[in-house]
Amino acid sequence: SKAQFLKAFQEVNKNFNEVFSLLFNGGHAELNLTDLNQPLESGIEITAQPPGKKLQRMSLLSGGEKSLTSLAFFFALFRYKPAPFCILDEVDAALDDINLGRFLSLMKKIKNQTQFIIITHNFKTMEVADYIYGTTMPEPSITSIYSVKLGKDKERIQE
Amino acid sequence: SKAQFLKAFQEVNKNFNEVFSLLFNGGHAELNLTDLNQPLESGIEITAQPPGKKLQRMSLLSGGEKSLTSLAFFFALFRYKPAPFCILDEVDAALDDINLGRFLSLMKKIKNQTQFIIITHNFKTMEVADYIYGTTMPEPSITSIYSVKLGKDKERIQE
Amino acid sequence: MFIKKLEIHGFKSFQKRTKIVFHPGITAIIGPNGTGKSNIVDSILWVLGGKRLKSLRGERSDDIIFNGNTNHPPMSMADVTLSLGHEDEELNINHRVFRSGESEYRLNSKTVRLKDIQDTLWKKSVGEKDYFIIEQGSIGLFLSSKPIEKRVLLEEAA
Amino acid sequence: MFIKKLEIHGFKSFQKRTKIVFHPGITAIIGPNGTGKSNIVDSILWVLGGKRLKSLRGERSDDIIFNGNTNHPPMSMADVTLSLGHEDEELNINHRVFRSGESEYRLNSKTVRLKDIQDTLWKKSVGEKDYFIIEQGSIGLFLSSKPIEKRVLLEEAA
Ligand SMILES: Nc1ncnc2c1ncn2[C@@H]1O[C@H](COP(=O)(O)OP(=O)(O)OP(=O)(O)O)[C@@H](O)[C@H]1O
Ligand SMILES: Nc1ncnc2c1ncn2[C@@H]1O[C@H](COP(=O)(O)OP(=O)(O)OP(=O)(O)O)[C@@H](O)[C@H]1O
Ligand SMILES: [Mg+2]
Ligand SMILES: [Mg+2]
């Protein structure tokens with residue numbers, strides 16, 4: 001219904017600005033309806049302004065800034081309606097260490113309400129995991145999965 | 001001219017298979033003309049088969065396999081016609097350590113004929129660099145560049 | 001609701017019957033390129049039968065069923081079971097496809113239509129929700145997606 | 001032929017006149033997100049005036065010229081000079097654009113048309129060669145590009 005959508009839109013918009021400034025350590029972001037007269041038909045546009053920077057078109061953001069802004073959007077949705085589980089495949093690839101750290105802190109904060117499964121090549125990401133599975137292919141085309149024991153072994157994968 | 005194009009095509013095709021098996025430590029890859037009757041109008045299709053795996057559509061390759069196959073294509077071009085300089089922006093993002101190592105070895109091998117400028121967040125990549133520049137933004141929107149002295153300082157960034 | 005267990009057999013690179021137990025909290029999946037990490041994600045998308053099937057790298061049964069290597073022949077069936085935990089309840093969702101193209105869905109061992117699974121999940125707030133599965137490569141392209149696509153995600157959460 | 005020096009002033013985030021010396025071999029550029037690494041690549045693409053301008057994130061002079069922050073006003077001109085070394089010769093290629101949209105190209109300090117720069121580079125085997133600049137995000141999408149685009153790259157190398 002129109003009322004339900006508009007309520008969700010306003011909530012998520014507020015969340016988006018908050019999560020964005022959490023992940024960027026400042027700055028401002030918002031959602032806008034492309035067609036205010038027809039909210040039920042309207043698309044949603046994102047504007048985002050990293051801290052201290054002037055507002056520009058989204059296409060001018062850096063690779064890492066785009067990833068982080070997109071993650072802020074998804075986490076803004078979760079804040080409104082927590083996902084039961086969330087599967088992320090290499091979403092950290094473009095993030096520098098500092099941005100990655102803030103993203104991981106946010107994920108840890110909400111892991112009680114949302115089960116996260118994250119595929120990664122990044123050691124910092126592995127460090128926040130409660131469980132780790134590893135895939136190998138000793139025989140081509142056939143996946144073998146093993147679990148990585150955290151604790152003693154966890155130190156080993158962090159060399 | 002048609003002869004010139006076909007000659008280049010055959011050379012690059014041969015290179016592509018060689019570079020691919022170098023980067024994948026095995027396997028086979030080739031280029032095909034989409035329209036054999038009109039070579040001067042034809043497009044080029046890539047087929048690639050990582051070692052031990054069955055030949056499948058390119059879309060079924062993994063993220064890292066796609067990146068590595070694409071890099072093999074570019075290096076196959078370089079083998080035919082060395083680029084004077086080559087600028088790579090975060091091409092290593094999807095590569096695991098082993099594939100990254102083979103890519104970096106290949107880049108080192110041809111750095112005498114081609115000057116490489118590579119943007120990266122990856123420490124293994126930084127280790128093969130002869131020179132490193134770092135960007136920072138102490139003041140938002142304004143880039144500051146400094147050079148990282150290799151040697152003593154190089155150990156520091158590898159912690 | 002959370003994922004308790006995922007059983008994969010004959011789907012893509014899972015020639016071996018594979019059972020992966022999941023727990024609440026954060027699970028990382030790691031490993032070299034091409035060893036099957038994203039295939040795990042694909043198996044979850046596939047068993048939930050979502051609209052996303054079209055974006056699954058390859059949706060033909062040829063692409064879905066293990067197609068063999070030098071020592072093992074292609075298999076004839078792909079079978080994935082996802083066990084979801086919801087308070088005291090357990091929901092077992094199964095999807096099976098054969099080389100012939102025949103496809104079956106089961107909910108707690110009872111044969112159903114895909115629609116029945118989607119309705120059940122929808123009641124429990126899961127359904128075809130795209131907003132909590134982010135596939136490899138898509139996070140960098142999200143901002144340049146059409147405004148209508150962003151709206152669809154918000155609607156799913158609303 | 002190799003890049004000896006890149007001078008950037010007023011282009012995107014280069015409010016400060018910046019001179020980067022390059023050497024043969026491998027140079028890595030590192031740094032946090034959004035600090036200007038890809039902008040360096042953009043400046044090289046821009047000064048060479050290639051077809052790639054359309055893909056440059058933003059090609060309007062508004063996007064190209066430093067547009068200010070809280071302490072510094074926008075600038076009125078973007079200026080990039082690329083110095084290429086070729087045996088004993090040095091080729092200095094300069095591109096300048098003003099907020100008005102006026103644009104100038106110089107080759108070794110002499111005002112020329114973009115075409116003259118492209119012809120000179122072509123003779124020395126550089127030209128509009130796309131096959132040796134790989135922009136951020138493009139390597140993962142390359143395989144799914146149209147066959148005609150792959151052909152164009154091979155033609156440039158041929
Ligand atoms: N039907 C199939 N039968 C056998 N093997 C398959 C099938 N479909 C896909 N594969 C294999 O699965 C591999 C891809 O696996 P996947 O995409 O999960 O890798 P990944 O671990 O995510 O790697 P990356 O780190 O590069 O993203 C391909 O190399 C392909 O050979
Ligand atoms: N005309 C301009 N004026 C001022 N700043 C600009 C202008 N155009 C772009 N920028 C700034 O440049 C930044 C992007 O820089 P760039 O893409 O080079 O980052 P990067 O170092 O490559 O980061 P990443 O590691 O995330 O890829 C943007 O945050 C933007 O604020
Ligand atoms: Mg993957
Ligand atoms: Mg960048």
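Quantities reported herein were computed from a predicted structural model and do not represent experimental measurements. Atoms considered below: every heavy atom in the structure, side chains included; atoms not considered: hydrogens, waters and symmetry mates.
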Distance-minimising heavy-atom pair for Thr27(D) and Tyr133(B):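 Scanning both residues completely, I find the closest heavy atoms to be CG2-CD1, 3.9 Å.
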Between [options], which shows the greatest number of heavy-atom pairs under 4.5 Å with chain B?
| options | answer |
| --- | --- |
| Asn67(D), Asn71(D), Leu84(D), Ile3(D) | Ile3(D) |
| Gly31(D), Gly36(D), Pro32(D), Ala28(D) | Ala28(D) |
| Asn69(D), Ile148(D), Asn33(D) | Asn69(D) |
| His86(D), Lys37(D), Lys16(D), Gln15(D) | Lys37(D) |

Heavy-atom proximity to chain B below 4.5 Å, by part of [X]:
| X | result |
| --- | --- |
| Ile40(D) | side chain |
| Phe66(D) | side chain |
| Ile44(D) | side chain |
| Pro24(D) | backbone |
| Ser144(D) | neither |

Within 45° cone of Phe142(D) ring axis and under 6.0 Å: Lys150(D) NZ or CZ: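 Checked: cation-pi criterion met.
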Axial cation check for Phe74(B) ring with Arg79(B), 6.0 Å and 45° limits: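 No.
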Could you tell me which portion of [X] (side chain, backbone, both or neither) has an atom closer than 4.5 angstrom to a non-hydrogen atom of chain D?
| X | result |
| --- | --- |
| Pro138(B) | neither |
| Ile110(B) | neither |
| Leu88(B) | both |
| Ser147(B) | neither |
| Val12(B) | side chain |
| Leu6(B) | neither |
| Thr34(B) | side chain |
| Phe73(B) | side chain |
| Glu41(B) | backbone |
| Lys7(B) | neither |

Largest heavy-atom contact set with chain D, pairs under 4.5 Å, which of Gln113(B), Glu139(B), Gln115(B), Glu90(B):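 Heavy-atom pairs under 4.5 Å are most numerous for Gln115(B).
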Top contributor to chain D contacts, counting heavy-atom pairs under 4.5 Å, from Ser70(B), Ala8(B), Ser144(B):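 The answer is Ser70(B).
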Sidechain N-carboxylate O distance under 4.0 Å for [X], [Y]:
| X | Y | value |
| --- | --- | --- |
| Asp42(D) | Lys12(D) | yes |
| Glu7(D) | Arg17(D) | no |
| Glu149(D) | Arg151(D) | no |
| Lys124(B) | Asp92(B) | no |

CE-CD1 distance between Met58(B) and Ile46(B), expressed to the nearest 0.5 angstrom: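 So the gap between those two atoms works out to 8.0 Å.
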Within the 6.0 Å centroid threshold, strictly below: Phe132(D) and Phe78(B):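 No: the rings miss the under 6.0 Å criterion.
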Distance-only polar pair, side chains of Ser42(B) and Asp35(B), donor-acceptor under 3.5 Å: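 Their side chains do not contain a donor-acceptor pair, so the 3.5 Å distance test is not met.
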Trace of the salt bridge (Lys or Arg N to Asp or Glu O under 4.0 Å) decision for Lys14(B) with Glu18(B): CA-CA 6 Å; Lys14(B) 173 169 166 293; Glu18(B) 290 170 8; 3.3 Å; yes
Atom CD1 of Ile98(B): over 12 foreign heavy atoms under 6.0 Å: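 No.
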Verdict with supporting geometry, Thr143(B) and Thr35(D), side chain to side chain contact (heavy atoms under 4.5 Å, CB included): CA-CA 6 Å; Thr143(B) 295; Thr35(D) 53; 5.5 Å; no
